[in-house]
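Written below as structure tokens is the structure these notes are about.
Keep in mind that what you see is a predicted model, and the values were worked out from it rather than measured. Just so we're on the same page: letters track the sequence lines, and every chain starts at 1.
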Amino acid sequence: MEYNFREIEQKWQKRWVENKTYHVTEDESKKKFYVLNMFPYPSGAGLHVGHPLGYIASDIYARYKRLQGFNVLNPMGYDAYGLPAEQYAIQTGQHPAITTVNNINRYREQLDKIGFSFDWDREVRTCDPGYYHWTQWAFQQMFGSFYCNTCQKAQPISRLVAHFEQQGTDGLDVACGEELTFTADEWKAKTEKEQQEVLMNYRIAYLGETMVNWCPQLGTVLANDEVVDGVSERGGFPVVQKKMRQWCLRVSAYAQRLLDGLDTIDWTDSLKETQRNWIGRSEGTEVRFKVKDSEVEFTIFTTRADTMFGVTFMVLAPESELVPQLTTAAQQAEVEAYLDRTKKRTERERIADRRVTGVFSGSYAVNPFTGDAVPVWISDYVLAGYGTGAIMAVPAHDSRDYAFAKHFGLPIVPLVEGCDVSEESFDAKEGIVCNSPKAGVTPYCDLSLNGLTIKEAIAATKRYVKEHHLGRVKVNYRLRDAIFSRQRYWGEPFPVYYKDGMPYMIDESKLPLELPEVAKFLPTETGEPPLGHATRWAWDTEKGEVVENARIDQVTVFPLELNTMPGFAGSSAYYLRYMDAHNDRALVSEAADSYWQNVDLYVGGTEHATGHLIYSRFWNKFLHDLGISVKEEPFQKLVNQGMIQGRSNFVYRIKDTNTFVSLGLKDQYDVTPLHVDVNIVSNDVLDVEAFKSWRPEYATAEFILEDGKYVCGWAVEKMSKSMFNVVNPDRIVEKYGADTLRMYEMFLGPVEQSKPWDTNGIDGVHRFLKKLWALFYNRAGEFLPQEGEPSKAELKAIHKLIKKVTGDIETFSYNTSVSAFMICVNELGQLKCRNKAVLADLTVLLAPFAPHLSEELWEALGHGTSVCDARWPQYNEAYLKEDSVKYTISFNGKARFTMEFPADADNAAIQAAVLGDEQSQKWIDGKTPKKIIIVPKKIVNIVL
RNA sequence: GCGCGUGUGGCGUAAUUGGUAGCCGCGCCAGACUUAGGAUCUGGUGUCGUGAGACGUGUAGGUUCGAGUCCUAUCACGCGCACCA
């Protein structure tokens, strides 16, 4: 009987649904295990073969854990808000909700065919009101919280208000936008609006006037991780810096915890390193400089406090608030012209064109260590958003300052013994400090650093700054607050209305605030976000409901926020929602949260390293502070699956003809390579008939063949519709079955590795499953397995496999597992194994990889239950023992011959036998061996 | 520029973590059974050499009885950060 995968797979997929095989509930009697995939954005192209790679890997792990007796949560859902659906809507008028549902249905169909053990009862969609209820709720919690640096935790904003009422800002150490100072009395004297404005400076979700990445073509702002090389990640449109009032999340408050948390989780070093880079912690010193002949003071940040004596000028960022204060009348015109010029440059232009530019402000700053007055310049090489937006320039030891000094003819003072700064700066943090004044020489400062190493000098200067109150030791982070508003339609609406220009939260009990219908998905004529088209988008504070815009009276009815939330809002806490997906009273119940805790194994791509994986960790830490999520880190172990690239195929058309020439002969003609649909090519051989009917213009095509075949060229490219190299898993399932697809995707190589999709080896995997089938059924359809005692050889074969596969699954080395299966099946085939017990073990081992086939065989073996409820077999070391062991005998490391010994022979016996051996004696040739090394079960090396 | 990672047959890969390369699969070659086969089965397949053997893990050194694995330098590719003071 043939291995009929179609029948088998359909049968079991149906049964799994009927029996709710993969439904899981909290069960205190079992240990939990939470496996999670990054949920997909349901795009119009459908699922391609790259998606399932991670899903299969995690499904194998989930099934394996279940067989080991764990209660496994393995959910799936959809990241359903996003730009493509909206852009499609703008072009076609099709409502994004409809497109999204269609795409989701297609995804689901495709996923079902592959046989995953997802618990679909827990499915979430980020665009469901029942889901985004909790996205909005979390946002409100952030609005109602501030971050206390002392206790390293988010706190309710009411505590901050209480503090202000008692002692103003005195004794406060909290995360904020701007350092404010006021007394309790001053606080009480403020109006309601003023107080709200002050509080905004501390809220974790706040409305901030910040420089944002504005993308004119997309008509929206973007977060830093959505901008790559100065253009938008999606679409590649230019991005400019613009000051706008936007919702932001104070992610920066959590910078240190986000950094520290990395040491407690099991992620790859490279991914942790990427996050460390992104967080960008740098320890340094803030030093105050007075402006000469003025009351104005300003602060700079430096990591090189040791270079205080080499400061020859100062630089302000063009956007710095100090610029107008420090610009003298004489320089006014020149400075304004410069600001004008820099403002016009986009981020991309600034990156591309690194000319040195700048302008003198007219002011001088006084170095608090030397009393020297140095000129203050303005230049766009200093960033407004980092540190204080102002720097002290030490051209001798900073290459950027050096370039600036050379360009404008400013002095350069070297501070390290023996360094040569005539051609370039000496940036290295090594060497011995010189050129600092002798103690007591300047009236300003009695600090001398001469003779110290740079490290010592930095420490000494820090100490000095602290003691003399010239500034403070400071840690800076590159990580910025996340911009949380998008000028789009297809996203979560903010549960916010505006009164007197200030935002207020709509009552928690009235959530979710549902996304309204709009006539158009484009911004309004006045440039407002698409929600500006909604006719019912006002909030009645008395009734607590959405009402017609016409009724806005600013008394009880107020306008609602027109922005929506960005993509990462919905994906930041979805793993918590899966724990308790239908709860309409809380994001997650305490019971579910304390049972499932956090994700034990998270599988997804690296592309989210500085986006989702940072935001999620931040979001979870915030909820943890609130007591919602019991764990500080959401994803304990993370495995990054590699990308599956496309493998495009080409045909070669002879110029100006409709004749196509095979790959090997193309050099004899003048040809144009053309992409051809990979679905009509098999093992690089073109299906000529299919090609003719692929496109009308090829119907009359002619071919120059080699060996009777048309061979196509190929290249590895990104998998995309336009290159005709998208391979949908359905096709593979149709031809070979889901179990073959699953095993083949694993066989392709390590899960973490990126590789091109290539079906050239799939026949081998399919053949393996057929061979496995042949262990159970002969051609006549007779069922072969029988009761009985397994032979020693059978036991050895199967226990070798148990050991290998168990170890491999734990380390995600699925590709070698598949190889081990092939070896075992070949061995059992050669042994003509018919032993039920051995074949039952084989069936259970197969269950995570090829669940349909495994179920079928498990049933045939006479088990009434699903193989999912079987127990993972344990291997017995005793069966793996060899009777005898072959040793390689080497002389000075050169292998010469082999000898066989009983497995339990001791070293002395082996040594004696080897030395007494005739062949050995020839090599030893009367010499006395200097050393004899015996490697257990491997080698005897005799050093002469 | 800084940081991280990877280089092994014609191809995808493997190597008990320092133990004497190339498991498994594809492809290819030969044979068997077939009317036939893009089916199935058996054997072979790193390179050079008829052969014994020699050489082989990007390149060049080093440590070691022994190196794909460790160290140094160098090249190539990939990724991350990038005017971050």
Side-chain angles (χ1 to χ4, degrees), chain A residues 2 229 268-282 284-285 300-305 307 314-315 317 350-351 354 356 379-383 385-394 397-401 403-404 427 476-480 606-607 609-610 640 682-685 709 743-744 747-750 752-756 758-768 770-771 774 779 803-804 807 813 815-824 826 829-830 887-896 929-944:
Chain A
E2 287 244 320
D229 293 334
T268 61
D269 289 336
S270 78
L271 188 64
K272 286 185 186 180
E273 200 53 36
T274 302
Q275 289 213 340
R276 284 195 193 102
N277 275 339
W278 189 258
I279 295 166
R281 180 191 154 102
S282 88
T285 317
I300 57 88
F301 175 78
T302 179
T303 53
R304 291 294 300 275
T307 59
M314 312 292 285
V315 188
R350 270 176 67 156
I351 292 166
R354 285 203 187 162
V356 176
S379 172
D380 67 0
Y381 86 86
V382 174
L383 306 175
Y386 185 78
T388 60
I391 63 154
M392 63 179 212
V394 185
H397 302 292
D398 182 289
S399 51
R400 296 152 300 175
D401 297 346
F404 195 84
D427 291 14
N476 259 326
Y477 299 92
R478 206 189 69 95
L479 183 72
R480 308 297 165 77
T606 352
E607 66 272 20
T610 54
N640 285 119
S682 178
N683 290 349
D684 289 339
V685 176
K709 294 181 288 194
M743 292 207 97
Y744 181 61
F747 181 71
L748 222 43
E752 301 88 340
Q753 215 164 81
S754 286
K755 56 223 151 201
D758 184 343
T759 52
N760 284 346
I762 200 164
D763 289 318
V765 174
H766 191 61
R767 204 169 291 150
F768 151 72
K770 284 200 263 189
K771 280 186 196 170
R779 277 188 203 166
K803 185 176 182 182
K804 177 80 177 139
S813 314
N815 55 330
T816 55
S817 281
V818 179
S819 296
F821 270 111
M822 292 176 177
I823 295 167
C824 181
N826 275 336
Q830 247 146 45
Y887 278 76
T888 304
I889 316 299
S890 330
F891 297 89
N892 291 338
K894 286 272 186 205
R896 297 302 176 187
K930 283 182 194 146
K931 215 192 229 175
I932 298 172
I933 295 131
I934 300 180
V935 181
K937 297 181 185 175
K938 284 277 182 182
I939 288 158
V940 180
N941 190 22
I942 297 149
V943 186
L944 295 170

Spacing of [X] atom [atom1] relative to [N] atom [atom2], expressed in whole Å:
X      : N      : atom1 : atom2 : result
A:F301 : B:rC83 : CZ    : P     : 16 Å
A:I934 : B:rG18 : CD1   : C1'   : 18 Å
A:I762 : B:rG12 : CD1   : C1'   : 13 Å
A:I391 : B:rC83 : CD1   : C1'   : 9 Å
A:Y381 : B:rC83 : OH    : C1'   : 9 Å
A:Q753 : B:rG12 : CD    : C1'   : 9 Å
A:I932 : B:rG66 : CD1   : P     : 16 Å
A:I279 : B:rG80 : CD1   : P     : 17 Å

What contact category does [X] fall into here, base, sugar-phosphate, or nothing, at under 4.0 angstrom with non-hydrogen atoms?
X      : answer
A:G893 : base
A:L748 : sugar-phosphate
A:N826 : sugar-phosphate
A:K937 : nothing
A:P756 : nothing

With heavy-atom distances below 4.5 Å as the criterion, would you say the side chains of [X] and [Y] are in contact?
X      : Y      : result
A:D401 : A:Y381 : yes
A:I933 : A:I939 : no
A:K755 : A:L748 : yes
A:D398 : A:F404 : no
A:M822 : A:V765 : yes

Comparing A:R480 and A:A820 on RNA chain B - which has the more 5′ nearest nucleotide: A:A820

Position toward the 5' end of RNA chain B (nearest nucleotide), A:F891 or A:V818: A:V818

Return the nearest nucleotide to the side chain of [X]; candidates are [options].
X      : options                : answer
A:I939 : B:rU20, B:rC26, B:rC65 : B:rU20
A:R767 : B:rA39, B:rC24, B:rU20 : B:rA39
A:E273 : B:rG25, B:rA85, B:rG3  : B:rG3
A:R478 : B:rG19, B:rC83, B:rC81 : B:rC81
A:Y386 : B:rA82, B:rC4, B:rA85  : B:rA85
A:F747 : B:rA85, B:rC24, B:rC41 : B:rC24
A:V935 : B:rG19, B:rC26, B:rC81 : B:rG19
A:N277 : B:rG80, B:rC41, B:rG25 : B:rG80
A:T816 : B:rA39, B:rC24, B:rA14 : B:rA14

Suppose we call a contact any N or O donor and acceptor under 3.5 Å apart; does that hold for the side chain of A:N941 and the base of B:rC65? yes

Separation of the [atom1] atoms in [N] and [M], to the nearest angstrom:
N      : M      : atom1 : result
B:rC83 : B:rU72 : P     : 30 Å
B:rC55 : B:rG9  : C1'   : 14 Å
B:rG51 : B:rA32 : P     : 25 Å

To the nearest 0.5 Å, tell me how far A:E752 CD sits from A:S813 OG. 7.5 Å

Evaluate whether atom CG of A:N826 has more than 12 neighbouring non-hydrogen atoms of other residues, nucleotides or ligands under 6.0 angstrom away. yes

